[in-house]
2 protein chains.
Amino acid sequence: MAETTRRNHPYSGVIAKLKQAGLRPTRQRIALAKLLFENEDRHVSAEDLHEEARAASVSVSLATIYNTLHQFSELGLMREVVVEAGRSYFDTNTDDHHHFFHEHSGQLEDIPSDQINVAEMPSAPPGTSVSRVDVIVRVSGSAD
Amino acid sequence: MAETTRRNHPYSGVIAKLKQAGLRPTRQRIALAKLLFENEDRHVSAEDLHEEARAASVSVSLATIYNTLHQFSELGLMREVVVEAGRSYFDTNTDDHHHFFHEHSGQLEDIPSDQINVAEMPSAPPGTSVSRVDVIVRVSGSAD
DNA sequence: TTCTCATTTTAGAATTGTTCTAATCCATTG
DNA sequence: CAATGGATTAGAACAATTCTAAAATGAGAA
């Protein structure tokens, strides 16, 4: 009653995905990749993912969650978003897009790239090159 | 030899500024406001300011630094900028502007508002209103 | 001035999110 | 299947920030 559900995903793309990224497809990475990539795009904190894993009876240490999230981000499988001091979110959507940040709930929401447009980009300071542009539109509930 | 230097600033604008903001002009707040507002615009972390205060022989606890920085930000005297998980910067420049973030050094640099332009802002999600838009241009040193 | 009281400040403990460490585990290769 | 180097782990360590309860102080009243 615990092993039978495993058989469904014959060999989901995640293993291939991990291999392509140059990561050894370990039990933990496979499980996390499934949680992250076989559902809708979303924004998770390390704690969120840890909890999701527990809920799915996948035993993974928090250290591994952090390692994995960082590896996935460095390899371009996902993207780290910083909105609040003291908490990182990881976004499974790697398309070019920006975010709404709901100040009261702490939630992040994607802004599709065609709904926002940064014009007149300044040139990067001498000796540097732009690695990314983040736009965060902070919104507060009208009832605040 | 410790009290004589006090006499210089006859009654700098900071006291008025504090009163206008509805804050009692205490010794600590006056000292911090002077450090923050009587110099060029800049970006400080709580630790930075704590250190600056010590260097100026102003004794202020770290808790007060945090209280003050948050109060000043809430009252619009300065602005909190979050770029890295785990560290907050406070910007004494409250004009409408955005930032370069130097990934290698952790330094923030202002982008004057006329050098960048966010066009086609999306409308805020129902029931919310935009409280601020932050644009962070992350740059890395070319020698990385 | 002195008294009073709400506001501030404070030291240090506590919390939070994240990283480190050293031991153990396991995926891959031969 | 054994060897080996990368991966995972529990728990300690860490850094930034917040909390707590007590002591200090500013502002107004008397």
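Only heavy atoms go into these numbers, but all of them, side chains included; no hydrogens, no water, no symmetry mates. Quantities reported herein were computed from a predicted structural model and do not represent experimental measurements. A note on names: the letters A, B, ... follow the listed sequences, proteins ahead of strands, and every chain is numbered from 1.
- The list of ring-ring contact (aromatic ring centres under 6.0 Å, His included) pairs with a residue in residues 48-67 of chain B, not counting sequence neighbours, is empty.
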Apply side chain to side chain contact (heavy atoms under 4.5 Å, CB included) to A:E109 and A:F101, showing your working.
-> CA-CA 6 Å; A:E109 183 183 344; A:F101 175 60; over 6 Å; no
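- With sequence neighbours excluded, the residues forming a side chain to side chain donor-acceptor pair (under 3.5 Å) with A:E52 are A:R42, listed by chain and number.
- Within 4.0 Å of A:T68, counting heavy atoms only, lies no atom of the nucleic acid at all.
- The side chain to side chain donor-acceptor pair (under 3.5 Å) search around B:H97 returns B:D91, B:H99, B:D110, not counting sequence neighbours.
- Every residue meeting the ring-ring contact (aromatic ring centres under 6.0 Å, His included) condition with A:F72, not counting sequence neighbours, appears here in chain and number order: A:F37.
- Mapping heavy-atom proximity under 4.0 Å, the span of DNA chain C touched by chain B runs 5' to 3' from C:dT7 to C:dA11.
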B/S/- along nucleotides 14-30 of chain D (protein heavy atoms under 4.0 Å) is --SBBB------BS---
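- The side chain to side chain donor-acceptor pair (under 3.5 Å) test applied to B:T94 returns no partner, not counting sequence neighbours.
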Distance-only criterion, 3.5 Å: show the donor-acceptor pairs between side-chain atoms of residues 113-126 of chain B and protein atoms not counting sequence neighbours.
unit_1: B:S113; atom_1: OG; unit_2: B:D96; atom_2: O; d: 3.4
unit_1: B:N117; atom_1: ND2; unit_2: A:E120; atom_2: OE2; d: 3.4
unit_1: B:E120; atom_1: OE2; unit_2: A:N117; atom_2: ND2; d: 3.3

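- Judged as a side chain to side chain donor-acceptor pair (under 3.5 Å), and not counting sequence neighbours, B:R87 has no contacts.
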